[in-house]
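We name chains A, B, ... by the order of the sequence lines, and we start the count at 1 in each one.
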There are 2 protein chains.
Amino acid sequence: MPEDVSLATVAARAGVSVSTVSRIVNGEMRRASPATVARVLDAIEAVGYRPNPVGRALKSGQSQLVAMIAANLDNPAMATIASSTEAALREAGYVMVLCDTHDRPELQDEYLHAMRAQMVRGYVLVAAVASPGLSELSASGAPAVFVTRRNPSGRGPFVGIDDRAAGAAVADYFADLGRRAPAVVFPRLGSSASRDRVSGFLARLRQRGWSEDAIIRADGDGRSHLQIGYDAGARVFGGRDMPDAILCVSDQIAYGVNRRARERGLKIPGDCELVSIDGTPLNQWVAPWLKSIEIPYAVYGAEIVAGLQLLWRGEAFGERLLPYRFG
Amino acid sequence: MPEDVSLATVAARAGVSVSTVSRIVNGEMRRASPATVARVLDAIEAVGYRPNPVGRALKSGQSQLVAMIAANLDNPAMATIASSTEAALREAGYVMVLCDTHDRPELQDEYLHAMRAQMVRGYVLVAAVASPGLSELSASGAPAVFVTRRNPSGRGPFVGIDDRAAGAAVADYFADLGRRAPAVVFPRLGSSASRDRVSGFLARLRQRGWSEDAIIRADGDGRSHLQIGYDAGARVFGGRDMPDAILCVSDQIAYGVNRRARERGLKIPGDCELVSIDGTPLNQWVAPWLKSIEIPYAVYGAEIVAGLQLLWRGEAFGERLLPYRFG
DNA sequence: GACATATTGGCAAACGTTTGCCAAACTGAT
DNA sequence: ATCAGTTTGGCAAACGTTTGCCAATATGTC
């Protein structure tokens with residue numbers, strides 16, 4: 001494998017200059033006679049030339065790299081987003097660099113700097129958290145798409161679902177089902193997504209006749225939604241008013257709540273119905289007791305890349321709310 | 001944010017040449033007088049200089065990129081490996097590029113080519129599949145670490161567990177427990193890992209008195225272990241001899257088998273004990289009925305990077321078998 | 001045949017780095 | 001004062017690419 005083939009190799013073999021080869025490689029066919037083009041194409045084929053992305057990046061100031069900065073890859077929802085985005089980017093000729101911030105602002109900033117140094121073409125920020133570097137990024141006008149959570153510092157292109165509507169849909173479901181004591185469990189330090197889901201849920205319940213304090217609320221601390229659910233479950237199931245229906249703003253929170261319920265000997269969904277928002281496919285296998293708003297994470301990738309391409313072309317791209325299913 | 005600071009910027013400000021700055025940046029302190037060094041360091045600080053990895057890569061022929069080529073990011077085990085590797089690489093000053101092959105050899109080859117073009121420093125191959133490009137890679141002597149599955153074409157540095165021993169441990173567990181009708185469920189097109197787990201399990205059972213055909217075997221097709229388990233479950237539970245203990249070679253297979261058992265009204269682990277090999281932390285939340293050989297995926301990252309660093313230094317690195325826990 | 005105008009292709013600079021080599025300046029010994 | 005040896009620092013080439021500009025050749029018009 002002679003991996004030292006460059007434009008010069010091809011040029012020498014075809015008996016033309018480097019610039020001519022470069023132009024032909026880049027599709028500028030009318031800058032050379034058909035005969036020359038053919039000769040060059042043959043030479044390219046013969047020596048197995050592939051453009052060097054590094055040389056290109058240096059010259060043009062832009063690499064083919066796209067940075068995905070995600071809060072926590074251990075969350076299956078994010079893993080699916082990463083996976084589908086990677087596929088869509090490859091399809092479009094780009095390469096994905098994956099950065100896991102573990103929800104820590106300093107790490108996020110470190111990555112943002114490192115990625116800028118790599119001259120990445122764009123940024124995909126999944127569940128980004130507020131940080132100085134992020135404000136900088138927003139201000140710089142670099143192509144960035146926010147996913148799941150909206151840009152914490154200012155506006156920015158967004159891919160996600162209508163979180164308020166999703167919350168409201170669950171409220172309707174509970175109400176229509178005749179549940180009397182609804183509850184909601186969410187992370188204390190909420191993202192825009194969590195907040196919107198909760199507020200949509202609460203607003204709709206109020207519309208449908210519940211008083212503010214008839215709705216049980218429980219939040220939890222930390223970055224593990226599993227733990228948040230488990231902790232909140234202790235309070236929810238330990239109080240005097242047992243809920244008969246709980247909205248968990250993520251699958252993982254529902255897993256935590258369910259574990260607590262199990263430990264307390266409660267039947268789910270018999271004693272208390274659980275609904276989550278996420279609906280990853282794994283649920284059908286390991287959590288059949290869980291009803292969910294299913295977010296189409298597997299198609300996020302295509303939407304994200306479409307958004308990036310709009311931004312690259314200088315066109316507007318505000319937000320793209322994807323349809324969810326209540327399954 | 002003036003992101004056009006280069007060595008030249010610093011050099012101009014410090015009143016020295018570019019080469020001097022470069023040498024100081026790279027720690028060659030004795031090539032300049034202390035006074036100069038101080039001046040340059042100040043200038044670096046003042047203009048906020050950060051070396052440009054692209055220029056560096058072009059000159060040196062090596063980027064700071066490390067390619068992780070993984071078979072399927074939707075599998076939580078792989079997601080954990082990816083996540084921990086990413087953290088360890090960052091720690092060591094590298095940047096991880098993530099490629100998801102969806103278990104398809106052509107895609108794997110496409111990625112291998114693309115990554116070589118990116119002048120990546122090394123390769124991490126998680127559950128790699130045999131392919132022409134992979135043979136080439138092995139032959140080229142590029143730094144590559146194989147994870148979970150051994151190099152399908154030839155030998156190569158490996159990070160994983162002792163799969164045969166793990167299989168044997170489960171056999172011992174079943175035997176000690178007094179189970180009479182053990183079974184094993186595995187993917188038909190097995191990786192080295194699957195094969196070793198199964199053969200270790202079978203060998204130990206034979207040692208302990210089982211005849212070859214007293215052990216129920218069921219395999220399944222396709223790339224989804226969930227589906228494999230579900231399909232195999234139909235056969236296992238539908239046969240005349242009901243197993244009273246099943247080894248599933250992965251968590252996801254166990255999820256599939258369990259779903260089938262549930263649908264048939266079987267009690268797990270009452271009617272039939274399930275043991276899997278993987279033991280991702282999620283099990284404790286959503287699959288308390290499952291006993292597992294717990295593989296420490298979260299520490300794979302550190303091992304992988306340590307292995308890469310050995311390879312980079314030209315030192316030998318055969319294989320690293322990590323301890324597992326039976327929990 | 002003279003001239004304008006396309007067409008075709010090469011030269012050279014630039015992107016940010018690293019590094020071999022050479023030159024100046026300094027050190028100290030004679 | 002001379003010389004050798006060392007320290008200090010710059011010049012310039014190279015990595016692979018892109019692109020503005022200019023030169024040469026070909027084509028067309030009168």
Rounding to an integer number of Å, can you tell me how far [X] [atom1] sits from [N] [atom2]?
X: A:L58; N: C:dT18; atom1: CG; atom2: C1'; answer: 13 Å
X: A:M119; N: D:dT17; atom1: CE; atom2: C1'; answer: 13 Å
X: B:R30; N: D:dT8; atom1: CZ; atom2: P; answer: 12 Å
X: A:D4; N: D:dA14; atom1: CG; atom2: P; answer: 16 Å
X: A:E28; N: C:dG10; atom1: CD; atom2: C1'; answer: 14 Å
X: B:Q62; N: C:dT18; atom1: CD; atom2: C1'; answer: 14 Å
X: A:L7; N: C:dC11; atom1: CG; atom2: P; answer: 15 Å
X: A:M29; N: C:dG9; atom1: CE; atom2: P; answer: 13 Å

Ignoring backbone atoms, test whether [X] places a side-chain nitrogen or oxygen under 4.0 Å from the OP1 or OP2 oxygen of [N].
X: A:T20; N: C:dG9; result: no
X: B:S22; N: C:dT18; result: yes
X: B:R56; N: C:dT18; result: yes
X: B:S33; N: D:dG9; result: yes
X: A:T36; N: C:dG9; result: yes

Original post:
Should we count CD of A:E45 as having more than 12 external heavy atoms under 6.0 Å?
Top reply: no
Subject >> B:E106, CD: over 12 other non-hydrogen atoms inside 6.0 angstrom >> reply: yes
Side chain of [X]: nearest nucleotide among [options]?
X: A:K59; options: C:dT18, C:dC11, C:dA14; answer: C:dA14
X: B:N52; options: D:dG10, D:dG20, C:dT17; answer: C:dT17
X: B:P34; options: D:dT18, D:dT8, D:dG20; answer: D:dT8

Original post:
Any donor-acceptor pair under 3.5 Å joining the side chain of B:S19 to the base of D:dC11?
Top reply: yes
Subject >> Side-chain donor/acceptor contact of B:R31 with base of D:dG9 under 3.5 Å >> reply: yes
Original post:
Atom CE in B:M68, atom OH in B:Y123: separation rounded to 0.5 Å?
Top reply: 14.5 Å
Original post:
Starting at the 5' end of DNA chain D, which residue's closest nucleotide do you reach first, B:G15 or A:A8?
Top reply: B:G15
Subject >> Short side-chain to backbone donor-acceptor contact, B:T80 and B:P76, under 3.5 Å >> reply: yes
Tabulate below the donor-acceptor pairs under 3.5 Å that side-chain atoms of residues 32-42 of chain A make, not counting sequence neighbours, or state none.
residue: A:S33; atom: OG; partner: A:T36; partner atom: N; Å: 3.3
residue: A:S33; atom: OG; partner: A:T36; partner atom: OG1; Å: 2.8
residue: A:R39; atom: NH1; partner: A:A14; partner atom: O; Å: 2.6

Original post:
With sugar-phosphate meaning primed atoms plus P, OP1 and OP2, does A:V16 contact a base, only sugar-phosphate, or nothing at under 4.0 Å between heavy atoms?
Top reply: sugar-phosphate
